[in-house]
Undergrad: 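To start, I am sharing the structure in question, which I have written as structure tokens.
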Amino acid sequence: MSNIRHALTARRADDFAAWYQEVISAADLAEESGVRGCMVIKPWGYGIWERIQRLMDDRIKATGHDNCYFPIFIPLSNFEREAEHVEGFAKEMAVVTHHRLIADENGKLIPDPAAKLEEPLVVRPTSETIIGDAMARWIQSWRDLPLLTNQWANVVRWEMRTRMFLRTSEFLWQEGHTAHENAADAKEHTLRMLEVYRACAEDDLAMPVIAGEKPENERFPGAVETWSIEAMMQDGKALQAGTSHYLGTNFAQASGIQYQNREGGQQYCHTTSWGTSTRLIGGVIMTHGDDDGLRVPPAIAPHQVVILPMLRDKPEDEALLAYCEDLRAAIAGTSTLGEKTRILLDKKPGKAAAKRWDWVRKGAPIILEVGGRDMENGTVSLLRRDRLWDANGKPDFSAPAASDATGLIPGLLEEIQQALYNEAAARRDANITRGITSLDELSAFYSGDAKYPGWAEVQWSKPTGAALDAVVEKLKALKLTVRNVPIGAEPVSGTCIFTGEPAAERIYVARAY
RNA sequence: CGGGGAGUGGCGCAGCCUGGUAGCGCAUCUGUUUUGGGAACAGAGGGUCGCAGGUUCGAAUCCUGUCUCCCCGACCA
């Protein structure tokens with residue numbers, strides 16, 4: 001057990017933050033860019049993002065949305081229209097003020113004072129206001145509703161503290177924006193998209209989540225309701241992995257999104273917005289990574305199977321490569337999880353045993369090593385990334401017949417997908433504590449030595465305003481936040497652990513990213 | 001943005017206190033021997049020490065400023 005020679009030097013149990021950093025560099029996901037809070041996403045990391053994009057986009061289209069693209073620059077006055085929205089984002093805006101550079105007396109380039117913009121442009125932190133403008137133009141009648149749009153874009157939020165994938169100044173995301181006739185339709189849609197996120201997280205990323213409503217203090221600036229999916233990371237912290245907002249008529253009023261109803265009257269639309277981002281990759285790392293690097297769920301793995309021929313720089317390599325190419329073609333013809341199986345024959349020179357560890361760190365779900373003896377025996381040496389080690393601390397190879405590989409691989413990949421989900425779900429369930437009935441108990445629970453205290457499910461009276469602020473302060477002292485009010489929880493009885501009043505609902509509290 | 005730490009070949013680090021123009025391990029390249037499991041030996045290449053000023057005959061080393069990263073806080077997807 002302890003004599004396993006792991007592929008990483010950092011250990012999750014010793015230093016989770018250092019481990020997270022090491023996975024990102026060792027798995028070749030991304031690197032620093034030299035620009036504060038911005039990262040270079042490398043091919044393997046971007047390939048994972050493209051997989052997530054594809055699967056999420058399919059789900060968004062399947063629920064009736066069309067993709068659009070809106071400008072990255074938003075006129076300041078346009079952005080200003082919704083008061084709460086401005087207040088929420090003003091502190092983290094990048095602003096464009098000039099459109100030309102000029103050399104100063106020292107030859108240094110500076111913004112040309114003569115080229116100052118009449119009105120500054122803000123770099124979008126989110127696009128409610130500019131899309132609201134378009135909606136106001138596009139919508140005339142109740143027959144135009146619902147209007148269901150989505151865009152894939154980059155956004156910028158000038159964060160004080162950044163972390164690769166989890167919180168970067170620039171990040172990639174999709175933001176859906178919809179307009180509806182009334183509150184009921186819009187609220188229903190808000191929940192429909194939350195369910196899309198739940199399904200994508202659990203079925204595609206193999207990342208179990210809890211879907212629920214955010215408390216008042218955690219709402220998106222300008223929203224009436226904010227819902228989220230929350231995932232538990234291996235250090236017990238919560239990660240908000242997607243949000244869906246019912247915006248009421250706040251943005252409709254700010255942007256003039258009105259329609260003529262069936263009775264001929266003018267009426268404001270009820271709008272929604274919802275988003276998921278490259279943060280999901282951070283979630284995948286902290287859900288599925290282990291002390292040997294990343295483990296990519298097959299559904300989002302750019303390569304699900306990697307073949308490593310054991311080349312020897314000798315003439316017989318040619319026959320081996322031909323054997324591997326046949327194997328590759330045969331497996332490429334199969335289907336996994338409803339798509340063509342994605343397989344790579346890695347012909348890069350080098351010893352297979354050394355290359356193996358690169359792919360282990362990257363987290364390819366299945367590695368097939370093929371040497372001369374396999375060729376003779378008609379077998380392949382198969383390594384599952386989700387179960388790397390045998391009881392003796394050696395890589396746990398199996399040796400199925402090559403002729404069976406096409407029949408075997410798709411099922412194996414689907415099994416790995418499920419196994420990763422099951423492992424994460426079991427860990428989450430084991431780390432949710434129920435039955436805490438007082439603030440003292442909660443305090444004791446989170447002040448103990450337990451390294452991974454996980455989440456607590458408690459009940460509260462759903463305080464608002466100043467009473468909620470008081471609760472938030474108490475939680476803050478324990479570094480805790482209310483994550484959400486889970487959908488479909490059992491009814492409550494008894495009293496609120498914060499106020500002593502009759503309980504109204506269950507909430508999850510946790511430390512969070 | 002406050003407190004702390006750090007930036008030296010691709011990666012991880014030493015050198016800095018007590019200035020004298022760089023060193024180790026891994027990786028890379030070449031050769032030889034190996035080879036069914038993260039090869040060994042020999043040789044070689046690669047760094048104006050984050051950047052900009054300053055002190056000095058001389059700066060990785062001392063001083064000032066600045067940028068970036070990490071950890072803790074406040075803020076947030």
Side-chain angles (χ1 to χ4, degrees), chain A residues 4-10 15-22 24-26 28 31-39 87-93 106 108 125-126 155-175 197 214 217-221 226 228-231 238-245 273-283 292 308-314 316 320 349-361 367 369-377 379-381 383 388 394-397 399 476-477 479 481 512-513:
Chain A
I4 290 180
R5 185 180 162 198
H6 284 291
L8 299 185
T9 54
D15 188 342
F16 197 78
W19 168 84
Y20 179 76
Q21 294 291 131
E22 191 180 351
I24 288 170
S25 63
D28 231 12
E31 62 184 19
E32 300 299 339
S33 65
V35 180
R36 183 189 163 79
C38 296
M39 61 182 173
E87 199 188 336
F89 284 106
K91 296 182 297 283
E92 49 187 46
M93 303 296 300
N106 301 316
K108 293 278 181 205
T126 179
V155 288
V156 169
R157 299 179 186 178
W158 215 260
E159 297 291 348
M160 287 296 120
R161 187 177 172 189
T162 60
R163 280 166 186 269
M164 290 259 225
F165 289 112
L166 297 176
R167 180 169 296 104
T168 45
S169 296
E170 179 192 22
F171 57 95
L172 307 182
W173 77 343
Q174 61 65 216
E175 48 179 322
Y197 287 166
K214 285 287 198 185
N217 63 308
E218 300 271 358
R219 267 181 213 145
F220 174 76
T226 286
S228 72
I229 52 170
E230 303 280 333
L239 181 75
Q240 180 173 306
T243 51
S244 186
H245 316 289
S273 70
W274 25 277
T276 54
S277 70
T278 35
R279 170 179 264 199
L280 285 172
I281 295 174
D292 297 294
L308 300 178
M310 302 175 71
L311 301 172
R312 289 184 173 178
D313 290 323
K314 290 189 176 165
E316 50 265 39
L320 183 63
K351 294 208 68 169
K355 279 156 64 177
R356 169 168 80 227
W357 295 103
D358 292 338
W359 285 108
V360 163
R361 283 184 280 263
I367 295 169
E369 293 186 28
V370 183
R373 194 182 303 163
D374 292 300
M375 196 162 51
E376 279 170 35
N377 299 340
T379 58
V380 295
S381 297
L383 190 60
L388 251 196
K394 297 265 170 57
D396 190 7
F397 281 101
K476 194 187 267 184
K479 298 185 201 167
T481 54
Y513 279 100

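Protein chains get the first letters and strands the later ones, always in sequence-line order, with residue 1 at the start of each.
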Undergrad: What distance do K394(A) atom NZ and L388(A) atom CG have between them, rounded to the nearest 0.5 Å?
TA: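 Rounded to the nearest 0.5 Å, the NZ-CG separation comes to 14.5 Å.
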
Undergrad: Rounded to the nearest 0.5 Å, what separation is found between the CD atom of Q240(A) and the CD1 atom of I229(A)?
TA: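 Reported value, rounded in 0.5 Å steps: 9.0 Å.
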
Undergrad: Send over the distance from E22(A) CD to rG10(B) P, rounded to a whole Å.
TA: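 In whole Å, rG10(B) P lies 19 Å from E22(A) CD.
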
Undergrad: Which value, in whole Å, describes the distance between the C1' atoms of nucleotides rU18(B) and rA60(B)?
TA: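 That atom pair is separated by 16 Å.
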
Undergrad: Could you tell me if the side chain of W359(A) sits less than 4.5 Å from the side chain of L308(A), heavy atoms only?
TA: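 A side-chain contact under 4.5 Å exists here.
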
Undergrad: Once rounded to the nearest 0.5 Å, what's the spacing between atom OG1 of T126(A) and atom CZ of R157(A)?
TA: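 Those atoms lie 5.5 Å apart.
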
Undergrad: Considering Watson-Crick and G-U wobble pairs with both distances under 3.5 Å, what does rC24(B) pair with?
TA: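 The base-pairing partner of rC24(B), which may sit in any strand shown, is rG12(B).
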
Undergrad: Pick the C1' atom in rG53(B) and in rG3(B), then give their distance to the nearest Å.
TA: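 Nearest-Å result for rG53(B) against rG3(B) at atom C1': 27 Å.
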
Undergrad: Would you mind classifying the nucleic acid contact of G34(A) as base, sugar-phosphate or nothing, using non-hydrogen atoms under 4.0 angstrom?
TA: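 Contact class for G34(A): sugar-phosphate only.
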
Undergrad: Both distances below 3.5 Å, Watson-Crick or wobble geometry, any strand: find the nucleotide opposite rU35(B).
TA: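 Check on rU35(B): unpaired, no WC or wobble geometry under 3.5 Å.
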
Undergrad: Which base sits across from rC1(B) as a Watson-Crick or G-U pair, both distances under 3.5 Å?
TA: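 Partner of rC1(B): rG73(B).
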
Undergrad: Assign G350(A) to base, sugar-phosphate, or nothing according to its heavy-atom contacts below 4.0 angstrom with the strands shown.
TA: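 No contact.
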
Undergrad: For T379(A), report the nucleic acid contact type (base, sugar-phosphate, nothing); a contact means any heavy atom under 4.0 Å.
TA: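 Here T379(A) touches no strand at all.
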
Undergrad: Show the nearest heavy-atom pair for residues A352(A) and P309(A), with the distance to one decimal.
TA: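 For A352(A) and P309(A), the tightest heavy-atom pair comes out as CB-O, 3.8 Å.
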
Undergrad: Counting only Watson-Crick or G-U wobble pairs whose two distances fall under 3.5 Å, which nucleotide matches rG47(B)?
TA: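 Per the H-bond distance test, none.
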
Undergrad: How long is the straight-line distance from CE of M39(A) back to CD of E32(A), given to the nearest 0.5 Å?
TA: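 E32(A) CD to M39(A) CE: 9.5 Å, rounded to 0.5 Å.
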
Undergrad: RNA chain B: A512(A) or A353(A), which has the more 5' nearest nucleotide?
TA: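 First, find each residue's nearest nucleotide; the 5'-ward one identifies A353(A).
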
Undergrad: Does the side chain of T9(A) pick up a donor-acceptor pair with the side chain of E22(A) at under 3.5 Å?
TA: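 Yes, a side-chain donor-acceptor pair sits under 3.5 Å.
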
Undergrad: When rounded to the nearest Å, what value does the distance between C1' atoms of rG23(B) and rC49(B) take?
TA: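 One C1' to the other, the span is 12 Å.
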
Undergrad: Mind checking who rU30(B) pairs with, Watson-Crick or G-U wobble, both distances under 3.5 Å?
TA: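 For rU30(B), the partner nucleotide comes out as rA42(B), under the 3.5 Å rule.
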
Undergrad: Parallel, tilted or perpendicular: which one describes the rings of H245(A) and F220(A), with boundaries at 30° and 60°?
TA: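 If you compare the ring of H245(A) with that of F220(A), the planes turn out parallel.
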
Undergrad: Closest approach of K355(A) and P349(A), non-hydrogen atoms and distance?
TA: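 In this case the closest contact between K355(A) and P349(A) is CD-O, 4.2 Å.
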
Undergrad: What are the two closest heavy atoms between G242(A) and T276(A), and how far apart are they?
TA: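 Closest pair (atom of G242(A), atom of T276(A), distance): CA-CG2, 3.9 Å.
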
Undergrad: Using purine N1 to pyrimidine N3 plus N6-O4 or O6-N4 for Watson-Crick, or N1-O2 and O6-N3 for G-U wobble, both under 3.5 Å, which nucleotide pairs with rU61(B)?
TA: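 Its partner: none found.
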
Undergrad: Which value, in whole Å, describes the distance between the P atoms of nucleotides rG45(B) and rC63(B)?
TA: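 Taking atom P in both rG45(B) and rC63(B), they lie 35 Å apart.
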
Undergrad: Expressed as a whole number of Å, how far does the P atom of rG12(B) sit from that of rC71(B)?
TA: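 It comes out at 15 Å once rounded to the nearest Å.
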
Undergrad: Would you find more than 12 non-hydrogen atoms of other residues, nucleotides or ligands less than 6.0 Å from E87(A) atom CD?
TA: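 Count not over threshold, so no.
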
Undergrad: Describe the nucleic acid contact of F171(A) in one word from base, sugar-phosphate, nothing, applying a heavy-atom distance below 4.0 Å.
TA: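 The residue F171(A) makes base contact.
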
Undergrad: Taking the C1' atom of each, how far is rG19(B) from rG58(B), in whole Å?
TA: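 Those two atoms are separated by 8 Å.
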
Undergrad: Taking the same atom, P, in rC11(B) and in rU32(B), what whole-Å distance lies between them?
TA: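 Straight-line distance between the two P atoms is 31 Å.
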
Undergrad: Write down the partner of rA6(B) under the Watson-Crick or G-U wobble criteria, each distance required to be under 3.5 Å.
TA: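 By the stated definition (distances under 3.5 Å), rU68(B) pairs with rA6(B).
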
Undergrad: Taking the nucleotide of RNA chain B with the nearest heavy atom to each, does L8(A) or L166(A) sit closer to the 5' end?
TA: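 With L8(A) and L166(A) compared, the 5'-side residue is L8(A).
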
Undergrad: Under 4.0 angstrom, heavy atoms only, what part of the nucleic acid is G242(A) near: base, sugar-phosphate, or nothing?
TA: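 Counting heavy atoms under 4.0 Å across all strands, no contact is made by G242(A).
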
Undergrad: Please report the distance separating the P of rA14(B) from the corresponding atom of rU30(B), rounded so that it comes out in whole Å.
TA: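 Those two atoms are separated by 32 Å.
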
Undergrad: Applying the Watson-Crick and G-U wobble criteria at under 3.5 Å, what pairs with rU56(B)? Answer none if nothing qualifies.
TA: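 Partner of rU56(B): none found under 3.5 Å.
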
Undergrad: For nucleotides 28-34 of chain B, read 5' to 3', which letter fits each nucleotide if B means a protein heavy atom sits under 4.0 Å from the base, S means only the sugar-phosphate is that close, and - means neither?
TA: -------

Undergrad: I'd like to compare against my own output: the B/S/- annotation of nucleotides 70-75 of chain B with a strict under-4.0 Å heavy-atom distance to protein.
TA: SSBBBS

